[in-house]
Protein chains: 2
Amino acid sequence: MTPTALPGKRPPLTRATVLAAAVALADTSGIETLSMRNLARDLGVVAMALYKHIANKEELLDGMVEAVIAEFDPPAQTGDWAADLRERILSARRTMLRHPWAAQVFAGRPAPTPAVLAHLDSVAAGMLAGGLSPALTHQGLHMLGSLIWGFHLEVFPSGPPPQDPAEREEMMIGFAAAYPAVLTVAMAASHDPAAIVGAGCDDQAEFELTIDLVLDGLKRLHEAGWPAKSRKS
Amino acid sequence: MTPTALPGKRPPLTRATVLAAAVALADTSGIETLSMRNLARDLGVVAMALYKHIANKEELLDGMVEAVIAEFDPPAQTGDWAADLRERILSARRTMLRHPWAAQVFAGRPAPTPAVLAHLDSVAAGMLAGGLSPALTHQGLHMLGSLIWGFHLEVFPSGPPPQDPAEREEMMIGFAAAYPAVLTVAMAASHDPAAIVGAGCDDQAEFELTIDLVLDGLKRLHEAGWPAKSRKS
DNA sequence: ACCTGAACACCGTTCAAGT
DNA sequence: ACCTGAACACCGTTCAAGT
């Protein structure tokens, strides 16, 4: 009759167990089966119990995104930025393949979660440390983002930025402390540090550079007789 | 009292008007607002009336995908495959930007619609006509697919292919008639014509070639001092 | 032929109540 | 502190009925 060890008594829910069960449910039964009620049933609990651990379903989805990113391998640091980046991309891809719902969920989130920004910051920092200019790092992030994630990431939350300039300033300062490389790279793109929050960048020019890079690469492979001869131009 | 011209009488619904209203609703209020009931209200009708024109919501979403693709500009044919392809990609992008929900919906569809396959077939045909090998065209479609659609397309419907070999054969023949360039390209990838339906291709090798192309391009730009000097290597 | 009303089995979420 | 029951405002969809 010890109250903490009754047989059949579940351990109390935590945010982590809820997220893990959500990921497992989406992996097993598909993202369309993930409802608060189904998730609760898997946890042996009633749907309303979940709301003590996650605010709502949106936050659940954001938490699942964070859980996926946490599975990425820690980055190697060999001193070769391109080789290191290549490994990170392949690791991210392996993780995404384990969670087929992830690309769709990522695409549906209105704003990047802290883990997304932290990952982006770490990738950007690696490229900057390798000597790439902030502008080229920015361009590279856009190119790789479309190719890897399969969607176009908005770094800054969508929706209008705070009206109050003081509040905007504070937001910037917090952002700069947490994601310095992302900020460096964002500033390189807009050339106007004060207007960064919510400013965005020249997507059209970036997109055109990306397709020109891919089309040039295809032309080069074609002229080299790929796949008959060699893979490298 | 002429029964066909009573004032205030709606014209009868058609599949096309339903789809147009669905696209307009998603454009204006966001895809999360698109419910059968809201859509019906916009059309001055009750939800159940829609089911005479579209089988269910899944088919509605597929129809919206088709409507978006129908907005792509007709392809130019200048004789330069790369320039023509560039224009098609830019046109597709302009269309996708007009419908911010489209990438997310495309990513959520389990199988490509006929219009998606027809577009893909036309793009593949242009590359083949430009002299690219089927294998390189295949690789190029994978690279560009992420850029255009914003996600990784599965050409063949997911789910198990038909068990009956005769039925599989028939499916192949229909596919070959409708999408010959796609079939050419798919065969180049798998090297096993009989195993094509549901076979897939070597995604890993394709993915690695894509990231190597992008990383090589970034290195080249870096060594050329981009953006200080020139854009082209 | 085309649309409707009532009904069913689901959703996410709130609130007051239980232990 | 943590969970539950009942309830609310929604979903997609079926079926028999209306005009």
Side-chain angles (χ1 to χ4, degrees), chain A residues 1-23 25-26 28-65 101 104-105 108-111, chain B residues 1-23 25-26 28-65 101 104-105 108-111:
Chain A
M1 295 248 189
T2 42
T4 49
L6 285 177
K9 195 109 189 276
R10 284 185 305 84
L13 292 182
T14 64
R15 189 183 147 88
T17 43
V18 170
L19 290 179
V23 167
L25 177 55
T28 313
S29 315
I31 192 69
E32 70 284 349
T33 305
L34 178 71
S35 69
M36 299 300 274
R37 284 165 155 96
N38 287 342
L39 176 55
R41 179 152 21 81
D42 281 5
L43 288 162
V45 109
V46 90
M48 297 72 210
L50 302 175
Y51 287 83
K52 274 270 123 65
H53 301 97
I54 44 132
N56 49 45
K57 193 174 182 183
E58 298 280 284
E59 202 195 281
L60 177 71
L61 293 173
D62 275 340
M64 292 169 73
V65 168
W101 48 270
Q104 195 185 149
V105 170
R109 301 288 70 222
Chain B
M1 293 253 187
T2 42
T4 51
L6 285 177
K9 197 113 189 274
R10 282 186 306 84
L13 292 182
T14 64
R15 191 182 145 87
T17 44
V18 170
L19 290 179
V23 167
L25 177 54
T28 312
S29 314
I31 192 70
E32 70 283 349
T33 304
L34 178 72
S35 69
M36 300 300 273
R37 284 162 154 99
N38 286 342
L39 175 56
R41 179 151 23 80
D42 281 4
L43 288 162
V45 109
V46 91
M48 298 71 211
L50 301 176
Y51 288 82
K52 275 271 121 68
H53 301 97
I54 44 131
N56 49 43
K57 193 174 181 182
E58 299 280 285
E59 203 195 279
L60 177 71
L61 293 173
D62 275 340
M64 292 169 72
V65 168
W101 47 270
Q104 196 185 147
V105 170
R109 300 289 71 221

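No hydrogens, no waters, no symmetry mates; every other heavy atom, side chains included, goes into these values.
- Look at His53(B) and you won't find any side-chain N or O under 4.0 angstrom from OP1 or OP2 of dC2(C).
- Among all heavy-atom pairs drawn from Met64(A) and Leu19(A), the shortest one is N-CD2, 4.0 Å.
- As a whole-Å value, the separation of Lys57(A) NZ from dG12(C) P is 4 Å.
- Whole-Å rounding puts the Leu61(A) CG to dG12(C) C1' distance at 12 Å.
- When rounded to the nearest whole Å, the span between CE of Met36(B) and P of dT4(C) equals 14 Å.
- Using a 4.5 Å heavy-atom cutoff, the side chains of Arg15(A) and Leu50(A) are not in contact.
- Per the geometry, CG belonging to Leu50(A) stands 20 Å off P belonging to dA1(D), to the nearest Å.
- Considering only heavy atoms from C-beta on, Asn38(B) stays 4.5 Å or farther from Asp42(B) through its side chain.
- Distance Glu32(A) CD to dA9(C) C1': 17 Å, rounded to the nearest Å.
- Rounding to the nearest 0.5 Å places CD of Glu59(A) at 11.0 Å from OH of Tyr51(A).
- Side-chain contact check for Met48(B) versus Met36(B): every heavy-atom pair is 4.5 Å or farther apart.
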Pair assignment for DNA chain C - dot-bracket with | for other-strand partners, Watson-Crick or G-U under 3.5 Å: ||.|||||...|||||.||

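- Nearer the 5' end of DNA chain D, as judged by each residue's closest nucleotide, is the contact made by Leu13(A), out of Leu13(A) and Thr33(B).
- Atoms CZ (Arg41(A)) and P (dG12(C)) sit 12 Å apart, rounded to a whole Å.
- When the options Thr33(B), Leu25(B), Leu34(B), Ile31(B) are evaluated for a side chain to side chain contact (heavy atoms under 4.5 Å, CB included) with Trp101(B), the one that passes is Ile31(B).
- For His53(A) (side chain) and Leu13(A) (main-chain N/O), a donor-acceptor pair under 3.5 Å exists by modelled atom type.
- The nearest whole Å value for the distance from the CZ atom in Arg37(B) to the P atom in dC11(C) is 15 Å.
- Annotation for Leu39(B) and Ala22(B): closest pair CD1-N, 3.5 Å, computed over non-hydrogen atoms.
- Closest to the side chain of Ala49(A), out of dT4(C), dC11(D), dC3(D), is dC3(D).
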Quick tally for nucleotides 14-19 of chain C: nucleotides whose base has a protein heavy atom under 4.0 Å get B, sugar-phosphate-only ones S, the rest -, giving B-----

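- Expressed to the nearest 0.5 Å, how far CG of Leu60(A) lies from OG of Ser35(A) amounts to 10.5 Å.
- Atom CG in Leu39(B) sits about 16 Å away from atom C1' in dC10(D), given to the nearest Å.
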